[in-house]
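Here is the structure we will look at, set down as structure tokens.
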Protein chains: 2
Amino acid sequence: MSESPYLLIKRSIADGIATRRYLPGQVLPSEPALCRTFGVARMTVNRAMRELAAEQLVRRVPGVGTFVAEPVAESSLVELRNIADEIAERGHRHSATVFVLAAVTPDDEQRAIFGIAEGPLFHSAILHCENEIPIQFEDRFVAPSVAPDYLQQDFSRMTPSEYLLRVAPVQEVRHDVQAAATPTGIARHLDDKICLLVTRLTWSGGRLATLTRLYYPGGRFRLTERFVPK
Amino acid sequence: MSESPYLLIKRSIADGIATRRYLPGQVLPSEPALCRTFGVARMTVNRAMRELAAEQLVRRVPGVGTFVAEPVAESSLVELRNIADEIAERGHRHSATVFVLAAVTPDDEQRAIFGIAEGPLFHSAILHCENEIPIQFEDRFVAPSVAPDYLQQDFSRMTPSEYLLRVAPVQEVRHDVQAAATPTGIARHLDDKICLLVTRLTWSGGRLATLTRLYYPGGRFRLTERFVPK
DNA sequence: CAGTGGTCTAGACCACTGT
DNA sequence: CAGTGGTCTAGACCACTGC
């Protein structure tokens, strides 16, 4: 399956980038060099490198060489994706730091939008990093009824998205995107004065299940959608 | 530059699909057949078809053949909307000011992404207002081949989106959203230091048709998507 | 100048499908 | 079985860059 030479070469390079054996901006071995290393024809090496370039993992400059690309994070608006999966698909390492994980007493506005008369809400605040670089600050409120064991999870090992997608079937999602000045306190983590703020509401069982504010560094992050019009 | 055989073959097939000369599900000529038609080696045809498959324009089945892909019309959430319509639906008044409408000589990067060897690009810069309040600054580049009469239109009466949707059937759209500091010059019009920058690429006939940068005032604007997960 | 990537050729072998 | 796509080879020519 995956033992075609061009795939082996692709993975070898991709792994080297993921493990930071090759650092952004660094020159990669030339095509003739890779031919010798892997004992294959140049067309085989070329295909591997061409595909890596198409996937934005490397940047090729004719007459100069092939370089490890600066990582440009990317995400989707129309899908509920687990950020750990997205990062893994880019061949990078995900890590999470949990700042808050507790029950809170909702204010009137929260009570209204969650449609609850009384009782607590669960609150979590987590910083997600891609290769140790902060990429998303996640501020989340969860209705206890949809995930009673929310506070017992270890969210440095499994993201809230992953957990919630398992225990609470999402019926409807609403995303709201705006550009904003990064709130002080979050700016400290994201290291960017401007942020992309995605507010995500999910409904489960007819009731609002989660309210999440996702803060992305404005300069380092992109939301991408690709679609075919009807 | 764009006359490499594999690109010619790619475009020939992509055009055939765009113009519905090849219909979804239909079998395309086999690789040996295309070799004879274009007088090239099989590797050249193979690369063209492999890239079309990667772009989801065709579906390849080993041992069977290559077929025109069924267009996977995705969610109505991400839509190509005409801003004038959106404003009208809110019961507000739309107005547009045209700042630029001219042919320009593309730089190397633009030439590369539009895949054109020579000739001009059309450029327009338009400010859209909702009830006289600036809501979107639209900076647009259009390939002349998809809209030869672009420069003759009165875009204070009809938006470029509306015009282009009429004359150039869009095959694919890619949206890229980021938060950014409003470029000086545009900040003057939008009256906001932070903006939501939506970069929209559209493809028609297998070629990049338009590159549009939509600048929205960060504080006054929200992008909203609502959808039901699969 | 030697080195780089971009592209192409004319063969080849393979696994797979439909008949 | 003949036909399909998936992959590979060992050469080749070109335009480009840096020295």
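Throughout, a chain's letter reflects where its sequence line sits, starting with A, and its residues are numbered from 1. Since this is a predicted model, take the numbers as computed values, not measurements.
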Checking Thr37(A) side chain against Ala33(A) main chain: does a donor-acceptor pair fall under 3.5 Å? yes
Are there runs of at least three consecutive Watson-Crick or G-U pairs touching DNA chain D, with each pair's two distances under 3.5 angstrom? Give them by first number. C:3-16 with D:3-16
Kindly write out the residues that satisfy salt bridge (Lys or Arg N to Asp or Glu O under 4.0 Å) with Arg47(B), not counting sequence neighbours, or none if the list is empty. Glu51(B)
Return the value, rounded to whole Å, for the distance between atom CZ of Arg60(A) and atom P of dT7(C). 10 Å
When the ring centroid of Tyr150(B) is compared with that of Phe141(B), is the distance short of 6.0 Å? no
Measure CZ/Phe38(B) against P/dT7(C) and give the value in whole Å, please. 17 Å
Tell me whether the OP1 or OP2 atom of dC8(C) has a side-chain N or O from Tyr6(B) closer than 4.0 Å. no
Counting only side-chain N and O atoms of Thr44(B), is one of them less than 4.0 Å from OP1 or OP2 of dT9(C)? yes
Whole Å only: how far is the CG atom of Asn46(B) from the C1' atom of dT7(D)? 8 Å
d(CZ, Arg50(B); C1', dC8(C)) in whole Å: 13 Å
Just call it for Arg42(B): base, sugar-phosphate, or nothing, with non-hydrogen atoms closer than 4.0 Å on any strand. base
Ser30(A) side-chain N/O to dT4(C) phosphate OP1/OP2 under 4.0 Å: yes
Looking only at dT4(D), dA10(C), dT9(D), the nucleotide nearest the Ala41(A) side chain is dT9(D)
Would Asp192(B) and Thr182(B) count as having a side-chain donor-acceptor pair, cut-off 3.5 Å? no
Tell me if the centroids of the rings in Phe137(A) and His128(A) come within less than 6.0 Å of each other. no
Would you say the side chains of Thr66(B) and Arg60(B) form a donor-acceptor pair under 3.5 Å? yes
For dG5(C), does OP1 or OP2 lie under 4.0 Å from any side-chain N or O of Thr66(A)? yes
Round to a whole Å and report the spacing from CD of Glu31(B) to P of dA10(C). 16 Å
Pairwise 5' ranking along DNA chain D for Val64(A) and Pro29(B), keeping only the more 5' one: Pro29(B)
Any Arg47(A) side-chain nitrogen or oxygen under 4.0 Å from OP1 or OP2 of dT7(D): yes
Verify the distance criterion only: is there a donor paired with an acceptor across the side chains of Arg166(A) and Ser161(A) at less than 3.5 Å? no
Rounded to the nearest Å, what distance is computed from the CG atom of residue Leu8(B) to the P atom of nucleotide dT7(C)? 12 Å
Nearest whole Å is fine: how far is dG5(C) P from Arg59(A) CZ? 13 Å
Over how many whole Å does the gap from Ile13(B) atom CD1 to dG5(D) atom C1' extend? 15 Å
Quick one: label Met43(A) by what it contacts on the DNA or RNA (base, sugar-phosphate, nothing), any heavy atom closer than 4.0 Å. base
